[in-house]
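Okay, structure first, notes after.
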Amino acid sequence: LDAYESALGIDKSVRDGHLYSDKAPLQPMLGVPFYAIYKAVGGESTRILRVRENLGLWWMTLWMSAVPLGLLAACMYRFVRRFRARALMPTLAFVVGTMLLPFGALLFGHELAALFLFVAFCLMARDEPTAAAVTAAGVAAGAAVAVEYTAAIGVLVLAGLILWRAPRKIVWFGVGGLPFVALLAFYHSVAFGAPLTHPYQWSAFSGVVTEASDPLGMFSGVHPERVLQVVFAGRGLLVATPLAILGLYGSVRLARGESEQERVAGWAAILMFLAYLAVVVMWGNPWGGESPGPRYMMPAIPFLALGVAVAWGRFSMLSRVAFSVGVITMGLATLTDPLI
C-alpha cells in the first residue's frame, strides 16, 4: 500500500520498507466485484486519494457493512423465532439499540465477521446437526477468521460446543474451515514471509519496523479494572447499550432451561461474551480506539439476541427503557460520527 501512505492512519504493517494492511484479507477480496460494478458505472478510481466525500467508500461500506448487518438481523430473527413467538420487536430493538447499528455504517470487518460466526452457530445448533451442516458451519467459521483474526476466539467456542454435542463430527468442522486456513497461509507467506507470520507482528503504530515482533505483544496484561470500564464507563455496555446486559441475563436463564437447544444457545452466548470480555480486559485499549463501545466484543453481541427476547418477555418495561437508551446513544453515534 506504498502509494497510499499519506491516506493511511496508524493501523498498518511495515515489512522490508513496504506498507501492508494489518487486517485479514477476505473482506477486501469479497469487495472486489462491488468495486468493479462501481467502476463500470463511472465511479472514481481508488488510485485517486480522496479521504473525504468519497462516494466509492460509501458504496463499499454499504455492501461490506450495512448489508451484512441486514443479513445478520434476519438471521437473529429466524433464530429467535425458533424459541419465541414474539421475536420481531426484541430483535429489531437489539439491532438498533446496541453496537451493531453504528458499525453497520463503518467500513470495519466486525459486521461481516459477526455474520459468518453467527451463521456457523445457527448451522450447528440444531437437535442433530448433520455432517453437511457441521461442514457448512466450518466454512462460515473459517470465513469469519479470514475477515477478522479475533473471530478465531469464537471459532474455538463453537468447536467446544461441537465436542460437547457431537464430538465425532468435529472433523467435519475442521474440513469446512480448511480452505480459509490455506488462504491465510498463502497470504501470510506472500506478504509477510511465512504461513504462520501474523500481520500484527509487523504492525507499525509509529516509526519503522525492522523485524517481526511477538504477535501477542498487543495484549498488555490482565487489567481487571477494565471489566468495570467496559460495563460502567460512559461507553460501557450498561450505560450506553443496556440491552446487551439484559441479553446476558436472559442467556443465563436459557443456560438453566429445560430444553437442550435453549441450554446450548444460552451457554454459547455466555461463553462468547466471557471470551471476548477477556480479550478486552487484556487489550491495550478496551474500546479498540475511538469506537462507541468495546468493539472487539462485536462477534459476541449477536449471540445475546435470544437472551434479549427472554428478558423482553420477563421485564417488558425495563427492556423498553434499555432499548430507548440504546437508540439514543447508538442512533446519535450513527447519525453523527461513531468514531469519537
Side-chain angles (χ1 to χ4, degrees), residues 1 4 7-9 11-12 20-79 91-92 94-96 98-123 136 139-151 154 179-180 183-184 187 199 288-289 291-293 295-296 298-299 301-302 305 330-331 333-339:
L1 300 174
Y4 298 86
L8 291 177
D11 289 306
K12 54 181 178 270
Y20 299 87
S21 171
D22 63 357
K23 311 303 180 190
L26 185 59
Q27 186 185 36
M29 293 171 64
L30 295 177
V32 168
F34 299 104
Y35 173 64
I37 293 171
Y38 176 72
K39 286 291 296 297
V41 297
E44 188 175 72
S45 171
T46 56
R47 293 178 184 274
I48 299 173
L49 297 183
R50 188 185 303 280
V51 177
R52 299 190 179 277
E53 300 180 357
N54 188 328
L55 186 60
L57 178 60
W58 174 88
W59 174 254
M60 297 308 297
T61 304
L62 170 67
W63 289 104
M64 292 293 100
S65 292
V67 170
L69 173 58
L71 295 174
L72 181 57
C75 290
M76 288 190 294
Y77 169 74
R78 288 195 61 182
F79 183 73
T91 304
L92 287 177
F94 188 62
V95 169
V96 300
T98 64
M99 286 189 294
L100 292 173
L101 182 66
F103 281 102
L106 293 169
L107 190 53
F108 283 71
H110 297 311
E111 301 283 3
L112 191 59
L115 171 63
F116 283 134
L117 204 59
F118 191 70
V119 166
F121 171 68
C122 291
L123 287 168
V139 172
V145 178
V147 169
E148 190 170 283
Y149 291 116
T150 55
F180 297 98
L183 168 65
L184 291 177
Y187 171 66
S291 67
R295 67 183 178 92
Y296 292 117
M298 277 285 292
I301 297 297
M330 296 298 103
T334 306
L335 291 172
T336 54
D337 185 0
L339 301 179

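Every heavy atom of this structure was used, including side-chain atoms; hydrogens, water molecules and symmetry mates were not. In this chain, numbering begins with 1 at the start of the sequence shown.
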Contact list for residues 103-113, test salt bridge (Lys or Arg N to Asp or Glu O under 4.0 Å), sequence neighbours left out: none
Pairs involving residues 49-68, ordered by first then second residue, that meet salt bridge (Lys or Arg N to Asp or Glu O under 4.0 Å) (sequence neighbours left out):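 Salt bridge (Lys or Arg N to Asp or Glu O under 4.0 Å) check on residues 49-68 returns Glu44-Arg50.
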Counterpart residues, side chain to side chain contact (heavy atoms under 4.5 Å, CB included), relative to [X] (two or more places apart):
{"X": "Ala24", "value": "Tyr149"}
{"X": "Thr336", "value": "none"}
{"X": "Ile37", "value": "Trp59"}
{"X": "Leu30", "value": "Leu26, Met64, Leu112, Phe116"}

Holding to ring pair (Phe, Tyr, Trp, His ring centres under 6.0 Å), I want the full list of residues that pass it with Tyr35, two or more places apart in sequence or in another chain. none
Just verifying a value: how many Å separate Phe118 CZ and Ile301 CD1, rounded to the nearest 0.5 Å? 12.0 Å
Value rounded to 0.5 Å, distance of CE in Met60 from CG in Leu62: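 That separation rounds to 9.5 Å.
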Quick test of your reading: applying side-chain hydrogen bond (donor to acceptor under 3.5 Å, both in side chains), list the pairs with at least one residue in residues 63-78, sequence neighbours left out, ordered by first then second residue.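 Those involving residues 63-78 do not exist here.
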Side-chain atoms of residues 139-148: list all donor-acceptor pairs with protein atoms under 3.5 Å, sequence neighbours left out, distances to 0.1 Å.
residue, atom, partner, partner atom, Å
Glu148, OE1, His110, N, 3.4
Glu148, OE1, His110, ND1, 2.7
Glu148, OE2, His110, ND1, 3.2
Glu148, OE2, Thr150, OG1, 3.2

Tyr38 side chain to Gly43 main-chain N or O, any donor-acceptor pair under 3.5 Å? no
